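Since the structure comes first, as structure tokens, the remarks are kept for the end.
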There are 2 protein chains.
Amino acid sequence: MLAKVNQNEEALTRLAGDIAQTDGNHSTRIPALMIFRRSSATDPMPCIYGLGLALTVQGDKRVTLGEEVYDYGPGQSLITTVDLPVVSYVTQASTAKPYLGIRLELDARTIAQSAAEMEFAAPLKVSTTRALSIVTLDEGLRDALTRLIQLLAEPQLIPFLAPLIQQEIIVRLLNGEHGPTLRHLVAVGSPSQQIAKAVAWLKQHYKENMPMDDLAATVHMSPSTFRQHFRAVAGMSPLQYLKNLRLQEARQLMLNEDMDASSAAVRVGYESASQFSREYSRLFGEPPQRDIKRMRESI
Amino acid sequence: MLAKVNQNEEALTRLAGDIAQTDGNHSTRIPALMIFRRSSATDPMPCIYGLGLALTVQGDKRVTLGEEVYDYGPGQSLITTVDLPVVSYVTQASTAKPYLGIRLELDARTIAQSAAEMEFAAPLKVSTTRALSIVTLDEGLRDALTRLIQLLAEPQLIPFLAPLIQQEIIVRLLNGEHGPTLRHLVAVGSPSQQIAKAVAWLKQHYKENMPMDDLAATVHMSPSTFRQHFRAVAGMSPLQYLKNLRLQEARQLMLNEDMDASSAAVRVGYESASQFSREYSRLFGEPPQRDIKRMRESI
DNA sequence: CGGATGTTCGTCGAATCAGGCAATAATTGA
DNA sequence: TCAATTATTGCCTGATTCGACGAACATCCG
């Protein structure tokens, strides 16, 4: 048994390495599947994780959400259910043994369906859980992922088999340790789902300046309950979340569209450039101008 | 506006009448859709209603569930979310103006999906609701149903358009007065859903003799909570429900397969023929032999 | 029915945030 | 190089948000 596990692990490493022969983010013919490779440890990189499963195959990766630190190494998987602004960095990688990671986006509809059909699932005990969790991959999941990647070698079969394997992965996730996290997300009317909707709303309308109490009302919660559950799910307060979103978007605007700081500030919903600058420094370590310059140079 | 409503109602009546030109149950090219016609009032007829929507177009119909009586006439719709052993009969029908009814089976998967995607739906207030409810049809729903029936005239389009209209109907149901009833059914982990699963289990395994407390355990409820919710959803106690299922199945066996009473009794899980006979009389009004004879003659 | 458990919600003090203004630093273009 | 523009920082004020607490409420279970 142990032999087989090791074999699978090796197989996965080999497959991922074959596809990601160079450093960078490799998309595949399976749209939901990406493979990452890094030959050296990286600086902290703020980014947004959506509904999906991430797996470290080789090397080590660290993700921080608010104040919390999550480390996951080979054989461990990280699942996120709502868009979370995290800071991620590769902590362990070398040219000889580069970091290799897999990311698979999950489909909410499929999850909802599968969860609804799961027979006699135990009811969820706690009403809200963190939208992020780390679990050691079990054999079945690893095997399914391996098959998914092997499928890349037979492109003509992808449209037919990839959805099946993805569904299998979802069923396995729902039955495993990640299950409760996922089930919360699709439990109709549960606080978690309401928060997920609020988060989705924020992601869409981050420019607008809606008072958090109003947002709480639209998901039918009192302000205090809303805050409480939001924090439980997203790992930070609603306002912090919104700020993260705005600042990251502003960074993108400045980096990709050469926008100047004050325009970007206005664009993402800030009315005061000074406030923008202040909070930008707090999140990214340096004020807008300098941060962008550094980013440009580091490439 | 009123003119249009009346127009729609008339259109629906005409369409249903066109399809159901003779008395009986008419299935259509849309598998989920059936149309009923009766030229006279009928005797009480015990049967099982599953997940679906029933609509009286012309005439009047009565349905009893346990002790409760539900009447629905033209323009009213009855929705059921789990299999319920009801007694139904047409109360108002004539040759000139026959009873006309429509039944549309709903797809649980589609409901689950749509419910999950409904934005900012109010959370469900009560934890369990009766799996059966009657609501006056609103205009949008009537219109969608009308279009669904009109579609029968263009068979080549059915595979493409019928699913769309059915989904529209589900969305409208979820947003209407029936909404809470349906949402309960698909709320992952809710007592209603647990009960729905128990009901499904019973429907499958009614022959086995599982203690109700064990069944309660498999859906993760204490016996008392199970009984309470079961009653709220199904309108009768678990044991009554089981009896209904068994007796109706036995009746089918005797009618369709000419099985004798004691064999049928054993077949559906009774160990004592006398107990079977007693309960049979209580449900159908007459003991097995005589009931079957009467049924045969009445055809 | 009644005790035990967990959830919601309003309130409150403390903390944080947003924006205004002004001074200073950095960058850009002439 | 200087001047003009833009970015950054400090500080202040009012508004908002945060998180904790306890009462009210619903649910579960025996």
Side-chain angles (χ1 to χ4, degrees), chain A residues 66-67 122-129 184 187 189-195 198 202 206-217 219-247 250-251 253-254 258-266 268-294 296-297, chain B residues 122-129 184 187 189-195 212-213 216-217 219-233:
Chain A
E67 302 297 302
L124 298 160
K125 283 190 287 283
V126 278
S127 73
T128 29
T129 34
H184 273 296
S190 73
S192 292
Q193 207 200 23
Q194 304 290 80
I195 296 299
L202 280 175
Y206 61 88
K207 288 168 201 174
E208 303 170 29
N209 213 339
M210 183 186 247
M212 285 305 159
D213 288 7
D214 291 7
L215 183 56
V219 295
H220 307 100
M221 285 188 190
S222 75
S224 59
T225 308
F226 178 68
R227 272 194 289 278
Q228 178 190 326
H229 286 293
F230 196 102
R231 191 165 236 309
V233 171
M236 64 190 75
S237 74
L239 207 66
Q240 278 179 321
Y241 182 89
L242 181 60
K243 268 197 326 204
N244 259 300
L245 236 50
R246 286 180 166 172
L247 295 172
R251 196 189 210 190
L253 287 174
M254 291 189 288
D258 280 335
M259 197 173 277
D260 63 88
S262 47
S263 308
V266 171
V268 301
Y270 278 92
E271 291 175 31
S272 134
S274 61
Q275 185 65 11
F276 172 71
S277 177
R278 239 189 314 272
E279 307 201 322
Y280 194 100
S281 315
R282 209 175 304 158
L283 178 59
F284 298 113
E286 289 189 276
Q289 197 74 226
R290 248 175 291 172
D291 175 63
I292 296 301
K293 198 172 163 194
R294 187 175 54 82
R296 289 245 164 77
E297 281 164 0
Chain B
L124 299 159
K125 283 191 285 283
V126 279
S127 73
T128 28
T129 33
H184 273 298
S190 73
S192 292
Q193 207 202 23
Q194 303 291 80
I195 295 298
M212 283 306 160
D213 288 6
V219 295
H220 307 100
M221 285 186 191
S222 76
S224 62
T225 307
F226 179 68
R227 268 193 293 278
Q228 179 190 328
H229 286 293
F230 196 102
R231 204 173 179 75
V233 170

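Small disclaimer: the values here were computed from a predicted structure and weren't measured. Per chain, numbering begins at 1; letters A, B, ... match sequence-line order.
- Taking only side-chain nitrogens and oxygens, A/Ser262 never comes nearer than 4.0 Å to OP1 or OP2 of D/dT6.
- The interatomic distance linking A/Met254 (CE) with D/dT8 (P) rounds to 8 Å, in whole Å.
- Across the interface with DNA chain D, nearest-nucleotide mapping of A/Ala261 and A/Arg278 shows A/Ala261 to be the residue nearer the 5′ end.
- In this structure, A/Asp214 places its CG atom 10 Å from P of D/dT16, rounding to the nearest Å.
- Within the 4.0 Å cut-off from OP1 or OP2 of C/dT16, not a single side-chain nitrogen or oxygen of A/Lys243 is found.
- Between A/Ser272 and the phosphate of C/dG19, there is no side-chain N or O to OP1/OP2 separation shorter than 4.0 Å.
- A donor-acceptor contact shorter than 3.5 Å is absent between the side chain of B/His229 and the backbone of B/Ser127.
- A donor-acceptor contact shorter than 3.5 Å links the side chain of A/Gln240 to the backbone of A/Ser237.
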Can you give one letter per nucleotide of nucleotides 24-30 of chain D, going 5' to 3': B for a protein heavy atom under 4.0 Å from the base, S for sugar-phosphate only, - for none?
---SSBB

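- The residue A/Ser281 sits close only to the backbone: its heavy atoms come under 4.0 Å of sugar-phosphate atoms, none of a base.
- Among the nucleotides D/dA7, D/dG19, C/dC17, the one closest to any side-chain atom of A/Arg231 is D/dG19.
- Counting only distance, with no hydrogens or angles, the side chain of A/Arg246 and the backbone of A/Tyr206 share a donor-acceptor pair below 3.5 Å.
- Projected onto DNA chain D by closest heavy-atom contact, A/Arg290 and A/Met236 fall at different nucleotides, the more 5' of which corresponds to A/Arg290.
- Using a distance-only test at 3.5 Å, with no hydrogens or angles considered, no donor-acceptor pair links the side chain of A/His220 to the main chain of A/Gln194.
- Side-chain N/O atoms of A/Ser222 and A/Ser224 include a donor and acceptor closer than 3.5 Å.
- Side-chain atoms of A/Ser272 and A/Ser274 form a donor-acceptor pair, as typed in the model, at a separation below 3.5 Å.
- Going from atom CG of A/Asp258 over to atom P of C/dT27 covers 16 Å, rounded to whole Å.
- When rounded to the nearest whole Å, the span between CZ of A/Arg246 and P of C/dC17 equals 13 Å.
- Residue A/Glu208 qualifies as enclosed at atom CD: its count of foreign heavy atoms under 6.0 Å is above 12.
- Straight-line distance from the CD atom of A/Glu271 to the P atom of C/dG20: 6 Å, rounded to whole Å.
- Of the candidate nucleotides D/dT17, C/dT27, C/dG19, D/dT17 has the atom lying nearest to any side-chain atom of A/Met212.
- Here A/Gln289 lies in heavy-atom contact (under 4.0 Å) with sugar-phosphate atoms only.
- As rounded to whole Å, 12 Å separates atom C1' of C/dC17 from atom CG of A/Leu242.
- How far CZ of B/Arg231 is from CZ of B/Arg227: 11.0 Å, rounded to the nearest 0.5 Å.
- Rounded to whole angstrom, the span from the OH atom of A/Tyr280 across to the P atom of D/dA7 amounts to 12 Å.
- Here D/dT16 presents its C1' atom at 14 Å from CD of A/Gln240, a figure rounded to the nearest Å.
- For A/Arg227, taking side-chain heavy atoms from C-beta onward, the closest of the listed nucleotides C/dG19, D/dA7, D/dT17 is D/dT17.
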